[in-house]
Amino acid sequence: MTEWGESLAVVLEGRKYPMAWQDGGIWSVSIPDCPAEALKDYTYVVLRDGLVWRTEWQHHHRSRIPAGHRCDDAWIDCPIAGCPFPRAHQADLFDRPGFRGAGTAVPVFSLRTADDFGMGDFRDLRPLVDWAVATGQCIIQLLPVNDTTRRGEWEDSYPYSPISSFALHPLYLRLQDLGIRKSAAFTAEQTALNALPEIDWPRVAKAKMAWIRKAYLARGARDLAGAACRKFATENAFWLDEYAAFCAHRDGLEPEYYVWMQYHLDKQLSEEVRYARAHGVYFKGDLPIGVSADSAEAHFHPELFNLDCSAGAPPDYFSADGQNWGFPTYNWEAMEADGYAWWKSRLRVMSRYFDAFRIDHIIGWFRIWEIPLSCRSGLMGHFNPALPYSAEELDGLGFGRFIRCCRGAFSPVPCDEGVQAVAAGKPEAGLFLEDPHRAGWYHPFIGARETEAYRSLPEDLRRRFDELYVDFFYHRHDAFWYRNAEKKLPELLGATGMLACGEDLGMVPDCLPGVMEHEKILSLKMRGYDGPTRTLSVCATSSHDTATLRMSCPEDPSPETVRDMLAEVLAYPSMLAIFPIQDWLALSGELRNPDRNERINEPADPHHHWRWRLHLDLSVLSYPSATAAFHSTLRELLAESGRLYTKE
């Protein structure tokens, strides 16, 4: 059961209680005054060097333990021969040995039906599920669906900048389900907005929120007094009360209005989730790496965030200047102090709707690229946590003259010569950046080798800097970041039964694949990747951040060429193949968009307007006369790759 150096602990209400070894291979612990509530859901974990190393297949559940009695349990191992996972999943199809499935990725806002109001809503998921069933798919991947409302302008369209990590977006409500009648005014506005080829986010937000407000004034008091709404409010009070107060203060309206909206959002989405699960289709959610500085969480719990910094990404093939996402980094030390309670609550709420989830920028669980608020460019960032160099260490390496630069105004020549230059609002940089949290400690500047300071170095010092640079960015932190990730991930993955999938692109540390393998987190493999592909992975033809298949070709490819490209990726050993709906529709000359520019996002543009919308009504996918050949081709592809799914 355990190896030398390992120990057991019981986890009750998020707190670990170390156990002691006794003769006969028994581990035990005495917990005085153990609350009955804690026994409704508890588990055992194996610890190694203070970290959770192994978890049970599923949790234990007891109603109570009589006073003076003990609780005798046996460790629960996976009962399925050949299952690759250490923990049971909500959707048991993921635990089947050799399972291979396929699905579609599409944002909710991009869906289109005649019942919409200028953008997709939660009710549009039903015809999408029906299409998935008809074509043998088993999973639908969505972009984040959390509330991003600020002023109803274009910035609200960015789905990765939520004002709440728990609340759903009000614009995903189906208005007619709120009791709104299709009056002449409603129909005229609906027709005009639905006729737009793309989403006009400010226009939709203004119109739709006005109708939602009318519905609340007409029926809000009655709904709030009902047993279902009161039950929802009570069960979600741990986040809902703060969110409602936050929004009420922002808009000058009553908190009950926001409780009412969230109740109806939960009701509508939950109904679609139940429908999908009953038909063997499961939703995969998207967990943004960040929470906005102007969010309800940052307002009520500032201790959980580093509000003086912004998260982003170092330079990569998406952006030579790096990325500055504009939201704070996490104070992981504060989060660890209470057993990551906020994260666990966030994941449990998410698991009500989703059976799998994409961990956005999973590298951020190892380390984040952190940029001081005084800087705009992602180039000005540094890793956090990190192992920077002391001034004495750099001085001993011969770089003492180059470390007295500070962020915001960098010297292109040694600082002691007193020459500083700032051109076009972007500073010319030296070789090192001082750590904003620890004075006297320095990070190599990631753009240093493009600076005049670097080019002016003597050859031997330049070679020494190259060695230091490569070691710092690719080797120095491996063991440090490995432990940092293994402190958090097992704690959080054990909080729900969702299948975890990591977005592991970009500047990946060497330790990341080992952690993902140990925790059995699915990696992401994009078309064209020429390295080995794990079975525990998700393969994709393109994503919301990249060009579609048709856009990636010099000339618009024929449906036959698209079929070959899809077949190539479907043949990957990956457990799941999830393709954007644009790439599936490209199989049909009749159903594909006449305009092949269907890109959803430009990641290098922080002010991008997220407005792409399907060019066809989802109901078209149910017309046999229009889709028979398309469905047949799609099912053939899935059958040939061993991914055709039929609910038993």
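Side chains included, hydrogens not; waters and symmetry mates left out as well; all remaining heavy atoms used.
- In this structure, W325 and H361 have perpendicular ring planes: the angle between them is above 60°, well past the 30° mark.
- Remark: W57 pairs with no residue by the ring pair (Phe, Tyr, Trp, His ring centres under 6.0 Å) rule, at least two apart or across chains.
- A 4.5 Å side-chain heavy-atom check between V538 and K284 finds at least one atom pair inside the cut-off.
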Indicate every side-chain donor-acceptor pair of residues 285-293 with a distance under 3.5 Å to a residue at least two apart or in another chain.
residue: D286; atom: OD1; partner: R358; partner atom: NH1; Å: 2.9
residue: D286; atom: OD2; partner: Y160; partner atom: OH; Å: 2.5
residue: D286; atom: OD2; partner: R358; partner atom: NH1; Å: 2.9
residue: S292; atom: OG; partner: R150; partner atom: NH2; Å: 2.8
residue: S292; atom: OG; partner: S161; partner atom: O; Å: 3.4
residue: S292; atom: OG; partner: S161; partner atom: OG; Å: 2.6
residue: S292; atom: OG; partner: P162; partner atom: O; Å: 3.1

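- Classified by interplanar angle (parallel below 30°, tilted 30° to 60°, perpendicular above 60°), the ring pair W131/F630 is parallel.
- Evaluation of the side-chain contact (heavy atoms from CB on, under 4.5 Å) rule for V10 yields L12, Y17, M19, V29, I31, Y42, Y44 as partners, not counting sequence neighbours.
- Relative ring orientation between F305 and W342 is described as perpendicular, the plane-to-plane angle rising above 60° on a 0-90° scale split at 30° and 60°.
- Using a 30° and 60° split on the angle between ring planes, W154 and H609 fall in the parallel class, below 30°.
- A salt bridge links D73 to R62: at least one charged side-chain nitrogen sits closer than 4.0 Å to a carboxylate oxygen.
- In this model, a donor atom of one side chain and an acceptor atom of the other lie less than 3.5 Å apart for W211 and E189.
- The side-chain heavy atoms of R611 and D200, taken from C-beta on, include no pair separated by under 4.5 Å.
- R181 places none of its side-chain heavy atoms less than 4.5 Å from the side chain of F186.
- Considering CG of L499 and CZ of F354, their distance stands at 14.0 Å, rounded to 0.5 Å.
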